[in-house]
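Just so it is clear: chains get the letters A, B, ... in the order the sequence lines come, proteins before strands, and each one is counted from 1. As the structure is a prediction and not an experimental result, all values here were calculated from the model. Side-chain atoms are counted along with the backbone in the values below, which use heavy atoms only and exclude waters and symmetry mates.
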Number of protein chains: 2
Amino acid sequence: MANIKDVARLAGVSPSTVSRVVAGSSRISPETQARVREAMKVLNYYPNANARSLVRRATNAVGVIIARPAEQAFANPFFPEVLRGIGAELHRHGYDLVLTMTTTPEEEHAACLRLLKQRRVDGVILTSSRVHDALLEELVAGEYPFVLIGRAGEGQPVSWVNNDNVAVGEMAVEHLVGRGHQRIALINGPEELTVSLDRRQGFRQAMARYKLDLPSEYEVEGEFTKDGGYRAMVRLLTLPQPPTAVFCADDAMAVGALMVLKERGLTRQVALIGVNDDPLTALLDPPLSTVRIPVFDLGSTAARLLLDGLQHGVTGPRQVVLPSQLVVRESTNWTL
Amino acid sequence: MANIKDVARLAGVSPSTVSRVVAGSSRISPETQARVREAMKVLNYYPNANARSLVRRATNAVGVIIARPAEQAFANPFFPEVLRGIGAELHRHGYDLVLTMTTTPEEEHAACLRLLKQRRVDGVILTSSRVHDALLEELVAGEYPFVLIGRAGEGQPVSWVNNDNVAVGEMAVEHLVGRGHQRIALINGPEELTVSLDRRQGFRQAMARYKLDLPSEYEVEGEFTKDGGYRAMVRLLTLPQPPTAVFCADDAMAVGALMVLKERGLTRQVALIGVNDDPLTALLDPPLSTVRIPVFDLGSTAARLLLDGLQHGVTGPRQVVLPSQLVVRESTNWTL
DNA sequence: CTGAAAGCGCTTACAG
DNA sequence: CTGAAAGCGCTTACAG
């Protein structure tokens with residue numbers, strides 16, 4: 001493969017000059033530029049990014065970490081879609097995306113540092129946000145550029161992009177109350193995730209606002225999967241006073257919950273609403289109501305925040321909250 | 001950040017020795033090893049992968065190209081799942097994954113060469129296979145290590161992993177014939193993709209074997225999306241003799257086709273079978289029959305083939321075909 | 001078993 | 001406007 005010396009020789013200039021032409025430096029005469037470009041084309045020259053990284057101390061690559069138990073990684077359309085958003089924005093700015101999929105927080109931690117310190121990516125995007133996260137503190141302490149999809153703790157100097165998860169919980173409850181429900185339960189995701197905490201907070205706030213009774217058995221926790229939703233719904237139905245409506249903190253869970261209702265012929269007895277707007281849930285019987293999250297935008301915005309820092313030196317933590325939207329379908333579109 | 005000289009100084013050895021310890025070279029005395037390891041730990045040393053790549057002429061990174069019109073990229077669970085398979089295998093061997101998403105063949109071509117020649121990834125995995133592909137020829141000519149998910153043309157010296165798409169088409173028809181159908185149509189994907197050609201070939205072969213009439217209007221082509229399936233089904237239903245069963249070359253298309261049937265109350269008049277086993281299609285009404293593709297395994301096998309070449313110098317093109325499996329559900333589980 | 005030296009392919013002050 | 005030189009952080013024959 002041709003290197004910069006080959007090009008220089010063919011063009012009759014020094015390697016420095018070739019480097020300047022590649023970099024688009026202004027102080028090169030048009031004739032020299034033309035000769036160099038011609039030589040580059042003849043030799044089909046691509047500058048070696050690794051050599052360049054070494055001296056520039058920048059790789060033009062961003063690390064993305066998807067942290068989820070393997071089985072769940074992509075069962076849920078959230079991750080592919082967020083990746084698409086990130087990829088689109090990185091691509092627009094000529095950055096490459098180094099993808100790492102991890103299953104435990106420890107693995108995530110190690111992978112992230114390896115990416116930054118060994119692979120030397122210019123920054124990192126984390127796609128899961130946990131409540132206590134040693135990784136965040138290490139990244140802050142090391143002054144590594146990174147953006148979190150989700151949110152950090154109050155006052156932590158971290159850049160993040162989140163959707164309004166508290167509002168998501170509130171919207172769901174408001175909608176259900178509007179349909180006449182009073183006994184409303186929550187099937188929530190793992191409580192070490194901020195997304196679960198926030199949706200629950202919104203749920204509780206709205207329940208309190210409407211002065212609705214909220215027995216502790218009405219809040220069930222499970223995995224962000226069909227199975228998690230299935231098991232949770234089974235438990236809710238064993239209660240002496242089962243709920244008439246259930247807010248599921250994720251569409252996959254809502255699908256699992258729906259399976260229980262269908263098996264027992266209860267689909268029109270218990271209202272069901274999820275979160276995410278997974279494309280296929282609209283086609284279920286009944287079509288699932290949901291709160292639509294701007295997943296692509298979460299990804300592209302995270303990438304944009306990161307690149308603003310890397311390219312334009314935009315400094316200091318920035319936080320962005322994107323709005324979500326209620327989508328009413330048959331699973332809740334009836335009055336108690 | 002600490003570099004190899006810092007470690008050497010602290011351990012009281014030369015950089016060469018540190019390098020050998022990092023590489024796990026055998027000819028270093030245990031005492032020296034211990035001192036070096038201690039220094040590495042104290043300084044929290046990570047070797048700079050870019051510097052290493054430069055001299056080793058290997059990056060320990062593999063490029064993965066997902067080539068699909070943006071909207072479809074991940075609507076279909078194929079890509080996330082194949083990525084998971086690739087990622088798992090790469091991770092096991094300490095390779096990083098550089099992900100590139102492209103929309104046109106030209107973009108794919110350029111991105112692929114950039115990855116290999118500029119970013120210097122050690123090899124590439126292509127996840128879409130087209131019928132005439134200039135890229136393949138360039139990769140072969142350049143002797144770049146790569147593996148295709150799908151297949152190349154007959155006799156092309158290319159490594160690939162594919163599922164048995166001809167058998168997929170045959171299985172679908174056999175199943176439908178077993179249920180008493182004679183008027184069977186095909187809703188196929190874009191014909192520039194080998195996957196579409198092969199499924200169609202299987203479809204045709206089986207139709208011929210059973211001596212069934214196959215008017216040209218019974219083969220409709222569309223995008224691998226819900227919309228594509230929707231439009232194709234509408235066309236089939238305008239025929240004077242509409243089919244009693246339809247083989248859709250992809251689950252997303254089958255879902256679109258199902259929407260048409262539901263709108264017209266024809267779900268029990270026309271049998272429907274898809275391909276892929278998208279998790280949610282089992283929950284539709286009626287649950288969709290399908291042919292299950294081992295998508296994760298396609299990804300992990302592709303990565304394994306590539307790494308066999310990179311790590312163990314396994315040379316020469318190799319081809320692997322993975323079996324698919326008929327999954328019968330309500331959408332076809334009735335007799336005409 | 002260990003070190004000094006050369007070199008991987010670039011970029012970038014410095015000098016002219 | 002252009003070039004010679006030093007250096008980015010490693011690895012690896014070569015020598016001992």
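Each of C:dG3, D:dG3, D:dC10 was ranked by its minimum atom distance to the side chain of A:R20; first place goes to D:dG3. Among D:dG9, C:dT2, D:dT11, the nucleotide with an atom closest to any side-chain atom of B:S29 is C:dT2. Closest contact between the side chain of A:R56 and the listed nucleotides D:dG9, C:dT2, C:dT12 involves C:dT12. Nearest nucleotide to the B:L54 side chain, out of D:dG9, C:dT11, D:dC10: D:dG9. Side-chain atoms of A:I28 lie closest to D:dT2 of the nucleotides C:dT11, C:dC8, D:dT2. Comparing D:dG9, D:dT2, C:dT2 against the side chain of A:T17 picks out D:dT2 as the nearest.
Donor-acceptor pairing under 3.5 Å, judged by distance alone, is absent between the side chain of B:R57 and the base of C:dG9.
One finds no side-chain N or O of A:Y46 lying less than 4.0 angstrom from the OP1 or OP2 phosphate oxygen of C:dC10.
Protein atom CE of B:M1 is 13 Å distant from nucleotide atom C1' of D:dG9, rounded to whole Å. Going from atom CD of A:Q118 over to atom C1' of D:dC10 covers 12 Å, rounded to whole Å. Atom-to-atom, CZ of B:R120 to P of C:dC10 comes out at 7 Å; the value is rounded to the nearest Å. Whole-Å rounding puts the A:N48 CG to D:dC8 P distance at 18 Å. As a whole-Å value, the separation of A:R9 CZ from D:dT2 P is 19 Å. Rounded to whole Å, the distance from CD1 on A:I4 to C1' on C:dG7 is 16 Å. In this structure, A:N3 atom CG and C:dG7 atom C1' are separated by 12 Å, rounded to whole Å. Whole-Å rounding puts the B:N50 CG to C:dT11 P distance at 13 Å.
Spacing of C1' atoms, D:dT12 relative to D:dG16, comes out at 16 Å, to the nearest Å.
With values rounded to the nearest 0.5 angstrom, B:E106 atom CD is found 9.0 Å from B:T103 atom OG1. If you take CZ on B:R52 and CZ on A:R119, they are separated by 10.0 Å, rounding to the nearest 0.5 Å. The OG atom of B:S29 lies 7.5 Å from the CZ atom of B:R35; values are rounded to the nearest 0.5 Å. Rounding to the nearest 0.5 Å gives a distance of 6.0 Å between CG of B:L83 and CG of B:L97.
When each of B:G12 and B:V55 is assigned the nucleotide of DNA chain C with its nearest heavy atom, B:G12 is the one assigned upstream, toward the 5' end.
Looking at heavy-atom distances under 4.0 Å, A:S16 makes contact with a base. Using a 4.0 Å heavy-atom criterion, one finds that A:S53 contacts no nucleic acid atom at all. Counting non-hydrogen atoms under 4.0 angstrom, A:V22 reaches nothing in the nucleic acid.
Under the Watson-Crick or G-U wobble criterion, with both distances below 3.5 Å, D:dG16 is paired with C:dC1.
Salt-bridge annotation for B:R84 and B:E81: present, with a side-chain N of the basic residue lying under 4.0 Å from a carboxylate O of the acidic one.
Summarising the local packing, NE2 of A:H91 is surrounded by 12 or fewer heavy atoms from other residues, nucleotides or ligands at distances under 6.0 Å.
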